[in-house]
Every structure is written in structure tokens, then in C-alpha cells.
2 protein chains.
Amino acid sequence: MENERDNQAPKKAGGRRPGSGRKLGTGNYLEPTTVLRVPVSQKLVLIDFLEAYAKKQRAQSSRANLDGIGEFEQLPEALSKLDISLYQSKVAAGFPSPADDHVEKRLDPNEYLIDQEESTFFITIQGESMLEAGLLPGDKAVVDKSKTAEVGDIVLAMVDGEFTIKTLAKQKDGNPKLLPANSSGKYTPIIITGEMQFEIFGVVIGSFRRFK
Amino acid sequence: MENERDNQAPKKAGGRRPGSGRKLGTGNYLEPTTVLRVPVSQKLVLIDFLEAYAKKQRAQSSRANLDGIGEFEQLPEALSKLDISLYQSKVAAGFPSPADDHVEKRLDPNEYLIDQEESTFFITIQGESMLEAGLLPGDKAVVDKSKTAEVGDIVLAMVDGEFTIKTLAKQKDGNPKLLPANSSGKYTPIIITGEMQFEIFGVVIGSFRRFK
DNA sequence: ACATTTTTTATTGTTACAATAATCAAATGG
DNA sequence: CCATTTGATTATTGTAACAATAAAAAATGT
């Protein structure tokens, strides 16, 4: 091994490599790390937060490196399946980033709100008649035409040519009535009689809104 | 070493003490800990969180004030696309039949509710403190961590280790306060003082729920 | 009986380490 | 001469280990 020059050149690459080696700031966070002692119950919470933080850092840096470069990224599939991980935490123990027990479910608002896409549509709430059911003006009500309405359901009904959203109830005589959810007295129940045109168009199975 | 009785008693206290020693769960968090590697820039943030967590654990009994928070739900990956008819006519007053030539928009709840996936997660509302803002128990609040909170926004904040959802307001002295949206008097504003640990984690930009 | 000392064990911040990953230089091969 | 492979080198990263401290109970002293 000592006389490396007596015969043919070595078959293997060798020698010093000054200046080589992994570069600083090439880790997950693009910055140095340190260790921290944490309660075990919060470890996964914190890991989740750190993952989100790392993702954000990397996204920012890649955006910064983007200038001048054309994109060549390719979207996987046009209509991708919704796959939102949902981390459930029990109580208020948690972090900005979720995941307490790391009991992991997947929640997709679309899936959560919609059972059958083909029979579902949305309606923007206008009045305050269902205020106490949590339907405020501007809310989008999710209406499913395929659902069978039962007493107590919030339904989209047409009464004498007018659409309304109310809670379905029954009169003593068996005819339906439509109840507002507003105790102010400004809205009165709609009593359906035989002469009235009445049709239930669908059941309000959910709602959503934007605050900001 | 077995015959501890053979000669004179030792001058110093000695001998085995079975059952002695510090008890388990007597640390800051009342639970075991582990080490975690974190980016240095987040160390103080995490320490702040851990202090609040420890404080909360130690004061385990007192406040059941965490009304407003249920579980965290996060949505990391790709969101599904959806296009469903939105009838934006008025519901309470004369609504065109869905079979009509209705004005119709295509609306995707996911797109409507979420601006930035990577900074958004969901929380299940628990108390009734935000009832009059239309947030009922069981509703999913859409929280965006990347939004800057302004006075009047509904925010997810941590106060002394407890998460809460309230409306952000300001005191005369400039310090923040958190207002419930419930006039019943059961919920009182949270006045933030200098000694309190306070952090805003995100802005509630929307909500959604299922009725059925 | 009460206070003090001793022993024991958990906590806790930090350091150390080993396995991995990233990166460049040299070697190799066409 | 250029592209690819190999090897060396250094950062990253999860975990183990350590030492100093804290807490709790037994043993001892007064």
C-alpha cells in the first residue's frame, strides 16, 4: 500500500477534496438547527408545525430562485382527488399547526359538504329568517335534491312560485308547515293548505361562508 | 453487603432507600419529555409555546374557558376540484326554478373557502361564544395562518396556553382584547394584559357545517 | 417528634455520535 | 474533451448520553 507509484495508476479515485462537502443551509429548513426538549404529547404537534415551516421556507426559496426561469412543472392529473389530511386534537392542546394525537383523518370540505355532486347545488341566503339555525345572509346553503326531506330538516321549498328556505314541520292535520328560525317575530311560519302550490326542492344538508 | 446488622451503626446516613427518588411526572409538563431538533429561528417561538403549555398543564383545573375550540383539522395536499351550480338569486323572495334559465355560476367550495392551502387548517367550534357571528358548535372554522389579523377579524388566538376563537378588538391603551359574539352575557371579553401570554395564530376566513 | 442529611430517581439543557444526505473533485471511459 | 462514476468531505438530523439539578422518601441526629 505504501508504494503507490511503482506500478500502474490506482484503479480507485482518491486524494483530498478541499472545498468539497455539503453546503451550509441545505437542510430541511435552510437554516441551522438545534435540539429542544419537549413534552412527548406535543412532539407530533410540533413536528407537524415544523414540517409546515420547512415547506414554507423551501417554497419561498424556490420562488426566489425562479426569476428568469420558465416553468416546466407538470400537473399530475386534471381533476385530482381531494386529499386533505385532518389531524384531530382533543382539547385545546395544540399548536398553530394541528395534529395533536396525530389521529389522522382526511377532510376535504367538498367531500364533507357534498354527498352527491350531481344532485347538489348552492343557494345564497338572503334574509334573516334562518338566523338561529346559523344561516346568515350571504351564506351558501348546500342543497341536495336527492335527499328525502323529513320533519325537522331545513329544506328548500317552493310555495306558490316562491322559493324559501325553512325548517320543515307538520301541522296537526298532516299538512306541512315551514318554520323560520328567528324568534324576533319578523318571520312567521308558512302554513301550507291544500290550495297552495307547494314543493320541496331539496334538503339543506350544509352551508359555508367566507368571513374575510 | 447483605448483613447490614453485624457491627456498629455507620456514622453517616446510608443504606438503600427502596421506593425513594423523584416521582414520575413531576416535571414542568407533568409528563415525560423528549428532544426534538428545531430550526434556530423558531426556537424562541417554540419555547414560548411550551411555556404556555406547561402553565396550562400545571393549572390543569381552573378555566374551562376553551369554548370555541374543538379539534384541529389540516389540509395539506391537493384539493379536489368541483364545479356545482350556484343559484345566486334571492331565496326568500322569488327564486327562479332550478329548471329555469337561472343565473348560474360554477362554484367550488374548496376554492371559495381556501386561499392558501399550505397555511390553512380547520377547527371545530365548541362553545357558543361566537353564536352571533354565525359560528355554532360543531361548525368547522377555516383558519388561515398567513393572514394578518386586523381589528374586527375573527381570530384564533392563544391566551395563556388556551386556544380561543374571538373577535379581535383593541383596548384604549392599545392592548388587544378578544370579544365574544354572544349577547347572553355568558361570555366575557378577554382583556389582554402585559403579563398574559398572547398570540394570534390565524384569521378565521370562513366556516362550513353539515346540517344533515 | 422534628429537622437534617443521605440516597435515589426523574428532569432538563446540552453535547456527542452515527447514519444519512449533499456536494464537489478526481478518476474513468468513451 | 465531455459525460459519468467513484470517492472524499462536510452538513444534517434523529437519538443517545451526560452532567447538573430537582424532588421525594428513608435514615439519622438532636
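Per chain, numbering begins at 1; letters A, B, ... match sequence-line order.
- At a threshold of 4.5 Å between non-hydrogen side-chain atoms, the residues A/D144 and A/Q116 count as touching.
- Residues A/E31 and B/V40 meet the side-chain proximity criterion, which asks for heavy atoms closer than 4.5 Å.
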If you apply the rule salt bridge (Lys or Arg N to Asp or Glu O under 4.0 Å), what do you find for B/K166 with B/D153, and how did you get there? CA-CA 8 Å; B/K166 296 279 188 300; B/D153 288 349; over 6 Å; no
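- For B/K186, the side-chain contact (heavy atoms from CB on, under 4.5 Å) partners at least two apart in sequence or on another chain are B/E128, B/S184.
- The interatomic distance linking B/Y29 (OH) with C/dT11 (C1') rounds to 11 Å, in whole Å.
- Taking atom CG of residue B/L36 and atom P of nucleotide D/dT15, one finds them 9 Å apart after rounding to whole Å.
- Rounded to whole angstrom, the span from the CG atom of B/L24 across to the C1' atom of D/dA25 amounts to 15 Å.
- The pair B/D115-A/R210 counts as a salt bridge, with a side-chain nitrogen and a carboxylate oxygen less than 4.0 angstrom apart.
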Shorter than 3.5 Å, N or O on both sides, protein versus nucleotides 19-24 of chain D: list them out with atom names.
| residue | atom | partner | partner atom | Å |
| --- | --- | --- | --- | --- |
| D/dA23 | O4' | B/R22 | NE | 3.4 |

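- Residue A/K43 has a polar side-chain atom (N or O) positioned under 4.0 Å from OP1 or OP2 of D/dT15.
- The nearest whole Å value for the distance from the CZ atom in A/R37 to the P atom in D/dG14 is 16 Å.
- Remark: B/Y112 pairs with A/F208 by the ring-ring contact (aromatic ring centres under 6.0 Å, His included) rule, at least two apart or across chains.
- What separates CD of A/E31 from C1' of D/dT13 is a distance of 14 Å, to the nearest Å.
- Taking the side chain of A/N28 as heavy atoms from C-beta on, and the options D/dT13, D/dT15, C/dA10, the nearest nucleotide is D/dT13.
- Note: CG (A/L30) to C1' (D/dT13) measures 15 Å, nearest angstrom.
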